[in-house]
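Below: one structure, written as structure tokens.
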Amino acid sequence: MPMDAPVGRLKRRPEFLRVAQRGRRFAAPGLVLQACTSAEAGGEIRVGLTASRKVGGAVVRNRARRRLRALVRPVLARHGAAGNDYVLVARQDTATRPWKSLVEDLETALRRLGRWRAKDPEKAP
RNA sequence: CCAGACGGCCGGACGGUCGCUGUUCGCCGCUUCUCCCGCGAGGGACGGCGGCGGGUGGAGGAAAGUCCGGGCUCCACGGGAACGCGGUGCCGGGUAACGCCCGGCGAGGGCGACCUCAGGGAAAGUGCCACAGAAACAUACCGCCGGCCUGCGCCCGCGAGGGCGUGCCGGCAAGGGUGAAAUGGUGCGGUAAGAGCGCACCGCGCCCCCGGCGACGGAGGCGGCAGGGCAAACCCCAUCGGGAGCAAGACCAAAUAGGGGCGACACGCCGGCGGCAACGCCGGCAGGCGGGUUCCAGCGCCGUCGCCCGGGUCGGUCGCGCGAGGCGCUCGGCAACGGGCGCCCCAGAGGAAUGACCGUCCCUGGCCGCGAGGCCAGGACAGAACCCGGCUUAUAGGCCGUCUGGCAAA
RNA sequence: GACCCCGUAGCUCAACUGGAUAGAGCAUCAGCCUUCUAAGCUGGUGGUUGCAGGUUCAAGUCCUGCCGGGGUCG
């Protein structure tokens with residue numbers, strides 16, 4: 001069983017701004033990932049979710065944010081490097097994109113930002 | 001069967017794997033205050049927090065727009081009235097209340113079922129009615145008629161006389177023309193020409209009677225028209241309204257700064273003010289502290305430490321889910337709605353949960369196939385933020401009931 | 001949560017107290033000028049006045065309900 005990192009939440013506006021300004025970002029078709037090393041995070045990883053009004057009405061925004069949250073446990077907590085703050089930004093296609101594509105979007109985003117963690121934890125030091 | 005009118009209802013269904021959250025039960029761990037037992041170490045009770053497991057609940061008919069009406073909370077206010085401002089406006093009911101709903105009246109539209117609209121006052125006053133037109137609320141452009149008449153001019157005629165134009169005085173408002181609108185409409189009589197001048201019918205106003213709680217409807221008589229439109233122009237009349245809003249409001253309460261109290265230690269000099277005094281306040285000097293060190297000058301600060309109190313910010317808790325509550329039956333009422341009885345508890349988040357993914361089924365469309373069927377798309381409008389009653393707006397598709405007009409059959 | 005303001009030609013703005021073909025500048029089109037272009041001159045096109053109802057003889061203007069922008073306060 002892979003070791004899932006404990007997941008914290010980003011809630012306040014300064015935390016989002018810090019990740020946006022000091023971190024790296026990668027834009028996939030279904031989502032945008034921003035990542036930033038964080039001393040406050042410690043051994044866990046912290047995640048923030050964002051869906052702006054550009055994405056759609058309240059219903060569409062809620063759906064996009066819920067799908068992004070559903071991505072956190074099976075992908076980000078399992079494969080994301082600990083000690084980082086992540087921000088997942090919803091795009092216009094987030095609510096309608098096929099689920100498999102959305103998973104691949106997040107995986108390639110983690111790889112491109114150098115935050116990919118191997119699936120098998122026993123081989124890691 | 002076709003076309004249509006009105007009213008009501010639903011707002012995909014089932015299953016699986018992972019999650020979030022409220023509540024409840026059990027077990028485990030930690031634990032402040034309070035209470036109980038114990039000399040004590042400690043144990044227990046009620047709670048609180050965390051974890052695990054089980055049960056159970058978890059977006060809408062519009063949750064939306066914020067257009068009205070309330071509950072609730074705080075503020076203001078002795079009561080009432082007047083003024084101002086804002087809303088509402090046929091009548092009668094319903095309701096906690098409403099600008100909402102129901103039933104009825106009136107006007108307009110539709111073959112019809114039905115739909116749409118709305119108070120009174122223009123004789124309380126002010127104002128506006130462009131252009132056109134003579135004139136828009138007071139009048140006469142063209143016109144019609146009479147008189148002066150033997151006026152004047154022209155023409156016709158042998159003549160008597162006649163015609164046309166024109167001047168003055170007077171009568172009329174029928175016709176023409178303008179306009180959205182021109183002083184009731186149609187017909188007959190009447191007249192020099194006309195006119196409600198007279199008459200009949202219709203309209204209008206007043207009076208009276210009948211029906212109705214009423215808006216109003218109907219019948220009769222009288223008056224002869226008593227005098228245009230706009231009050232979603234100002235206004236008058238009637239009636240309603242104190243202001244703010246859950247970020248209301250209440251409670252708990254870090255760090256820092258500042259305020260107050262108590263205790264310990266420290267506490268010089270001069271001047272002024274108050275006071276009997278203890279003493280307090282102010283100003284100056286001295287003193288102490290502040291730059292890596294020393295001196296001088298300048299600047300800033302002024303008892304020090306400890307404990308406590310109150311206000312208050314971040315933060316947290318409550319407000320916050322039993323209510324003008326749902327569902328069923330029944331009674332009264334044409335209905336809106338109300339009464340009675342029984343059953344039920346039905347979201348409470350906090351950057352913000354109520355879901356993510358997969359499968360089967362159900363609709364709709366396209367393609368393939370002779371066919372059974374298969375494949376691929378799509379399934380509306382839209383997300384609670386203190387809560388109710390309405391209104392308005394958005395909405396794929398479907399279901400039910402009543403009624404109207406046709407066609408066909410019996 | 002409580003409010004306010006604005007929507008007029010492709011763009012920027014007018015239209016008095018309701019009054020009749022909704023104006024102006026830039027842009028655009030055509031012509032003149034020039035060897036050509038620009039500038040200049042002349043003329044033209046271009047509007048469901050955000051939408052739907054209502055009041056009125058008449059609505060960009062008044063009333064009601066929507067739609068879309070922008071802004072204020074706590």
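Chain naming here is simple, since letters A, B, ... match the order of the sequence lines and numbering starts at 1 in each.
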C:U55 versus C:G10 - spacing of their C1' atoms, nearest Å: 36 Å
Within the structure, does a side-chain N or O atom of A:R63 lie under 4.0 Å from either OP1 or OP2 of B:U354? no
Go nucleotide by nucleotide along RNA chain B from the 5' end; which of A:F16 and A:N62 gets its closest nucleotide reached first? A:F16
Of the listed nucleotides B:G19, B:A353, B:C357, the one nearest the side chain of A:W99: B:C357
State which of B:C18, B:G383, B:A353 makes the closest approach to the side chain of A:V59. B:G383
For the CZ atom of A:R97 and the CD atom of A:E104, what is their distance to the nearest 0.5 Å? 8.0 Å
For the P atoms, the ones on B:C327 and on B:A347, what distance do you get once it is rounded to whole angstrom? 14 Å
Report the residue (A:R69 or A:A58) whose heavy-atom-nearest nucleotide on RNA chain B is the more 5′ of the two. A:R69
Scanning all shown strands, the Watson-Crick or wobble mate of B:C154 with both distances under 3.5 Å is B:G163
With syn defined as a glycosidic torsion within 90 degrees of 0 and anti otherwise, which applies to B:C346? syn
Considering Watson-Crick and G-U wobble pairs with both distances under 3.5 Å, what does B:U313 pair with? none
Any-strand Watson-Crick or G-U partner of B:C295, both distances under 3.5 Å: none
Base-pairing mate for B:C305 - Watson-Crick or G-U, with both contacts under 3.5 Å: B:G263
Counting N and O atoms only, with roles assigned by atom type, does the side chain of A:R115 sit under 3.5 Å from a partner on the main chain of A:G80, one being a donor and the other an acceptor? no
Calculate, to the nearest 0.5 Å, the distance between atoms CD and CG belonging to A:E15 and A:D85 respectively. 7.5 Å
Pair partner, C:G60 [Watson-Crick or wobble, under 3.5 Å]: none
With respect to the phosphate group of B:A356, does any side-chain polar atom (N or O) of A:R65 fall under 4.0 Å of OP1 or OP2? no
Measuring from atom CG of A:L76 to atom CG of A:L71, what distance do you get when rounded to the nearest 0.5 angstrom? 8.5 Å
Would the number of heavy atoms belonging to other residues, nucleotides or ligands and lying under 6.0 Å from CZ of A:R22 be above 12? no
When both hydrogen-bonding distances must be under 3.5 Å and the geometry is Watson-Crick or G-U wobble, what is B:G60 paired with, if anything? B:C381
How many Å lie between CG on A:L49 and C1' on B:A356, as a whole number? 13 Å
Given the C1' atoms of B:C114 and B:G405, what is the spacing between them in whole Å? 12 Å
Protein-nucleotide distance (A:R73, atom CZ; B:G355, atom C1'), rounded to Å: 13 Å
Please give, in whole Å, the distance from B:U354 C1' to A:R66 CZ? 7 Å
Would you say the side-chain atoms of A:R25 pair up with the backbone N or O of A:V32, donor to acceptor, closer than 3.5 Å? no
Name the nucleic acid region contacted by A:R61, choosing base, sugar-phosphate or nothing; use a 4.0 angstrom heavy-atom cut-off, strictly under. nothing
Please work out if A:R67 contacts a base, only the sugar-phosphate, or nothing of the nucleic acid, heavy-atom cut-off 4.0 Å. sugar-phosphate
Is B:G92 paired to anything, Watson-Crick or G-U wobble with both distances less than 3.5 Å, and if yes, which nucleotide? B:C102
Please name the nucleotide paired to B:U17 by Watson-Crick or G-U wobble geometry with both distances under 3.5 Å, or report none. B:A356
Base orientation of B:G61, chi within 90° of 0 counted as syn, else anti, reads syn
Quick one: A:L10 CG to B:G351 P, roughly how many Å, whole number? 13 Å
Could you measure between the two P atoms, the one in B:G184 and the one in B:A173, and give it in whole Å? 10 Å
Nearest-angstrom distance, C1' atom, B:A356 to B:C35: 50 Å
Write down the distance separating the P atoms in B:C25 and B:C314, rounded off to the nearest Å. 36 Å
Is B:A244 in the syn range, within 90° of 0, or in the anti range? anti
Separation of the P atoms in B:G328 and B:G366, to the nearest angstrom: 42 Å
Give a yes or no answer on whether the side chain of A:R91 reaches the backbone of A:G30 with a donor-acceptor pair at less than 3.5 Å. no
When the P atoms of C:A20 and C:C41 are compared, how many Å lie between them, rounded to an integer? 31 Å
